[in-house]
Visitor: 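The structure under discussion is supplied below as structure tokens; questions concerning it will follow.
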Amino acid sequence: MICHDMELKIQRSMEIVHRAIEKGNGHTILSTGITGDDARLARAAVEAGASMLEPNHPAVVLARGHRGITVMHDAENFRHEISIDQMAEVTRGVRAVVGDDIYITVGIPGSFTERQPVILTDEDMEKMSLAGANGIHTHKSSIRDLEDIVKLAHKYGLCIDAYIGLPTDRHIFGLPAQTPEEVERVAKQMESVGTDMIGMMTGMSYEGVEAGQIPTVLKERLCAMVGAVKVPTLGEGGINLTNYRAFKETGVNILVIGTSIDKMVEQAAKDAIGDFLNQY
């Protein structure tokens, strides 16, 4: 194994991340969803200033119409049926159009806690590394599994971003931690096993919360995570143009934006078709 070459690959990848954060005065966005798995929209995101992209297997379920699924919650239940080869193909395409200076982290079958367990192999990591991925996007739910995937990914020059979730989340999206104290403890554990970036799944929506705000308990959990580690931090889930400033105020470095952009693109397509038909 060519260890030093892989260490250099990780170093170059993290330099892209740190440059993006510095350029945004401590904050940047990671564009995902439709802008992660469609090369045309990935290019548009990069042209608008995005330096980080995330193709992932549940988004590919939606993009390919797998099993006729059209809702993300349903996609999460069947994401394990997307193959590594499919994710490598998506990654190669996105890399080809955005160039080498964009950080691409990829959610692959087995990098999440799947409904049906998927075993990740050296061959899988080699495929993703050669396809142009900088990192692997993970949602493992035990520190032991996370440590194993960190070691496997690093062997092939791939960084790992991993997440903390709530035990009550509808889907398992990371290591469980309820209170800010638990968040701090878990985040430190994640950093100690070599996780390159640590994030928090914040939830899909916040009913009853005023525009521009986020729940106090969520703010406390995010601040606990940010204060506990030295690696870059991420926030994902329900972030949109109404509340993103409140997320930034927690000090989190990277805002993961997917669903809100997806909805904008879908609405733009509806409006355009409607306009054409009305004028036909």
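The structure displayed is predicted, hence computed values, not measured ones. For the single chain, residues carry numbers from 1 onward in sequence order.
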Visitor: Taking all non-hydrogen atoms of both residues into account, name the closest pair between K9 and A133 and its distance.
Guide: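 That closest heavy-atom pairing would be NZ-O, 2.8 Å.
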
Visitor: Is there any ring-ring contact (aromatic ring centres under 6.0 Å, His included) pair reaching into residues 214-235, and which pairs are they, with sequence neighbours excluded?
Guide: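 Counting only pairs at least two positions apart or across chains, no ring-ring contact (aromatic ring centres under 6.0 Å, His included) contact touches residues 214-235.
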
Visitor: Do the non-hydrogen side-chain atoms of L175 and L146 ever get within less than 4.5 Å of each other?
Guide: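 The answer is yes, as the side chains (C-beta and beyond) meet within the 4.5 Å cut-off.
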
Visitor: Is there a path of hydrophobic side-chain contacts, each under 4.5 Å between heavy atoms of I/L/V/M/F/W/Y residues, joining V97 to I261?
Guide: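 Yes, same cluster.
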
Visitor: Is the backbone of N240 close enough, under 3.5 Å, to the side chain of S260 for a donor and an acceptor to pair up by distance?
Guide: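 Flag not set: sc S260 to bb N240 has no pair under 3.5 Å.
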
Visitor: Using a 3.5 Å distance criterion without hydrogens, assess whether the side chain of S141 forms a donor-acceptor pair with backbone atoms of G174.
Guide: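 Absent.
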
Visitor: So if you build clusters from Ile, Leu, Val, Met, Phe, Trp, Tyr with side-chain heavy-atom gaps below 4.5 Å, do V193 and M200 land together?
Guide: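 In one cluster: yes.
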
Visitor: Where is the tightest heavy-atom contact between V231 and E191, given as atom of each residue plus distance?
Guide: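 Reported closest heavy-atom pair: N-OE2, 3.3 Å.
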
Visitor: Quick check: does any side chain N or O of N243 sit under 3.5 Å from a backbone N or O of A246, one acting as donor and the other as acceptor?
Guide: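 Pair absent, no side-chain N/O of N243 close to backbone of A246.
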
Visitor: Which distance, rounded to the nearest 0.5 Å, do you find between the CZ of R19 and the NZ of K23?
Guide: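 Answer rounded to 0.5 Å: 10.5 Å.
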
Visitor: Nearest 0.5 Å, what's the CG-CG distance between D85 and D124?
Guide: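 Here the interatomic distance stands at 8.5 Å.
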
Visitor: Can you spot which of H66, Q116, E114 makes a side chain to side chain donor-acceptor pair (under 3.5 Å) with R79?
Guide: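 In the set H66, Q116, E114, the residue that makes a side chain to side chain donor-acceptor pair (under 3.5 Å) with R79 is E114.
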
Visitor: How long is the gap from CD1 on I214 to OG1 on T242, to the nearest 0.5 Å?
Guide: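 Here the interatomic distance stands at 13.0 Å.
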
Visitor: Would you name the heavy atoms of T28 and I21 that are closest together and state the gap between them?
Guide: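 The pair with the smallest heavy-atom distance is CG2-CG1, 4.0 Å.
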
Visitor: Ignoring hydrogens and angles, tell me if any N or O in the side chain of Q86 forms a donor-acceptor pair with the backbone of I82 under 3.5 Å.
Guide: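 Side chain of Q86 to backbone of I82: no pair is present.
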
Visitor: So which of I149, V229, I160 actually passes side chain to side chain contact (heavy atoms under 4.5 Å, CB included) with T195?
Guide: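 The side chain to side chain contact (heavy atoms under 4.5 Å, CB included) with T195 is passed solely by I160 among I149, V229, I160.
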
Visitor: Of all residues at least two apart in sequence or in a different chain, which pass the ring-ring contact (aromatic ring centres under 6.0 Å, His included) check with H137?
Guide: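 Per chain and number, H137 pairs via ring-ring contact (aromatic ring centres under 6.0 Å, His included) with F112, H139, Y163.
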
Visitor: Mind checking whether H154 and D196 have side chains closer than 4.5 Å, heavy atoms only?
Guide: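 Yes - at least one pair of side-chain heavy atoms lies under 4.5 Å apart.
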
Visitor: Would the distance check show the side chain of T233 and the main-chain N or O of V252 forming a donor-acceptor pair, the cut-off being under 3.5 Å?
Guide: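 It does not hold such a pair.
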
Visitor: Which residue pairs pass the side chain to side chain donor-acceptor pair (under 3.5 Å) test when at least one of the two sits in residues 87-104, sequence neighbours left out?
Guide: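 Counting only pairs at least two positions apart or across chains, the side chain to side chain donor-acceptor pair (under 3.5 Å) contacts touching residues 87-104 are R95-N134.
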
Visitor: State, with a plain yes or no, whether a side-chain heavy atom of M52 is found less than 4.5 Å away from one of T105.
Guide: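 They are not in side-chain contact.
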
Visitor: Are any side-chain N or O atoms of S129 and backbone N or O atoms of Y156, one a donor and one an acceptor, separated by less than 3.5 Å?
Guide: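 It does hold such a pair.
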
Visitor: State, yes or no, whether a side-chain contact exists between L241 and M264 at a heavy-atom distance under 4.5 Å.
Guide: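 A side-chain contact under 4.5 Å exists here.
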
Visitor: Can you measure from CD1 (I164) to OG1 (T202) and round to the nearest 0.5 angstrom?
Guide: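 The distance works out to 12.5 Å.
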
Visitor: Considering only heavy atoms from C-beta outward, does the side chain of E266 approach that of I34 to under 4.5 Å?
Guide: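 No; the side chains remain at least 4.5 Å from each other.
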
Visitor: Take K188 and E184, measure what salt bridge (Lys or Arg N to Asp or Glu O under 4.0 Å) needs, and give me the verdict at the end.
Guide: CA-CA 6 Å; K188 287 180 177 178; E184 181 178 351; 3.2 Å; yes

Visitor: Determine, using the 4.5 Å side-chain heavy-atom cutoff (strictly less than), whether F78 and V90 are members of one ILVMFWY cluster.
Guide: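 In one cluster with F78: V90, yes.
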
Visitor: Are I108 and M72 connected into the same hydrophobic cluster when the rule is that any two of I, L, V, M, F, W, Y join if their side-chain heavy atoms are below 4.5 Å apart?
Guide: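 The answer is yes; both residues are in one hydrophobic cluster.
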
Visitor: Keeping N278 on the side-chain end and G274 on the backbone end, is there a donor-acceptor pair under 3.5 Å?
Guide: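 A pair under 3.5 Å: yes.
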
Visitor: Would you confirm whether H57, through its side chain, and G107, through its main-chain N or O, come within 3.5 Å as a donor-acceptor pair?
Guide: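 Checked: pair present.
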
Visitor: With rounding to the nearest 0.5 Å, note down the distance linking CG in D145 to OG in S111.
Guide: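 Here the interatomic distance stands at 12.0 Å.
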
Visitor: Begin from the C-alpha positions of L120 and I84 and carry the test side-chain contact (heavy atoms from CB on, under 4.5 Å) through to its verdict.
Guide: CA-CA 9 Å; L120 282 172; I84 291 288; 4.1 Å; yes

Visitor: Is there a side-chain contact between D122 and L152, using heavy atoms and a 4.5 Å cut-off?
Guide: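 They are in contact (side-chain heavy atoms under 4.5 Å apart), so the answer is yes.
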
Visitor: Begin from the C-alpha positions of L62 and I69 and carry the test side-chain contact (heavy atoms from CB on, under 4.5 Å) through to its verdict.
Guide: CA-CA 6 Å; L62 294 178; I69 291 170; 3.9 Å; yes

Visitor: For atom CD of E123, is the number of surrounding heavy atoms from other residues, nucleotides or ligands below 6.0 Å larger than 12?
Guide: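 No, not enclosed.
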
Visitor: Can you find a pair of side-chain heavy atoms, one from L166 and one from R221, that are under 4.5 Å apart?
Guide: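 Yes, close enough: below the 4.5 Å cut-off.
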
Visitor: I'd like to know if E147 and K151 make a salt bridge, using a cut-off of under 4.0 Å between side-chain N and carboxylate O.
Guide: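 Salt bridge: yes.
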
Visitor: What pair of heavy atoms forms the shortest contact from P232 to H18, and how long is it?
Guide: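 Looks like CG-CE1, 3.7 Å.
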
Visitor: Taking all non-hydrogen atoms of both residues, which atom of I257 and which atom of I239 are closest, and how far apart?
Guide: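 Looks like CD1-CG2, 3.4 Å.
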
Visitor: What heavy-atom pair brings A75 and P58 nearest, and what distance separates the two atoms?
Guide: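 A75 and P58 have their closest heavy atoms at CB-O, 3.6 Å.
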
Visitor: Under 3.5 Å, is there a donor-acceptor pair between the side chain of E54 and the main chain of L30?
Guide: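 Checked: no pair found.
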
Visitor: Side-chain heavy atoms nearer than 4.5 Å, only ILVMFWY residues, links allowed to pass through others: does that put V118 and M125 together?
Guide: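 As far as the 4.5 Å side-chain criterion goes, M125 and V118 are not connected within one cluster.
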
Visitor: Go through the side-chain N and O atoms of D262 and T259 and say whether any donor and acceptor fall under 3.5 Å apart.
Guide: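 Side chains of D262 and T259: no pair found under 3.5 Å.
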
Visitor: Can you confirm whether F247 sits close enough to H27 that some side-chain heavy atom of one is under 4.5 Å from a side-chain heavy atom of the other?
Guide: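 No, too far: nothing below the 4.5 Å cut-off.
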
Visitor: State the CD1-OG1 distance between I29 and T35, to the nearest 0.5 angstrom.
Guide: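 Output value for this atom pair is 7.5 Å.
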
Visitor: With the threshold set at 4.0 Å, does a side-chain nitrogen-carboxylate oxygen contact exist between E181 and R185?
Guide: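 Looking at E181 and R185, the cut-off is not met.
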
Visitor: Give a yes or no on whether the backbone of D161 and the side-chain of T138 come within a donor-acceptor separation of less than 3.5 Å.
Guide: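 Yes.
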
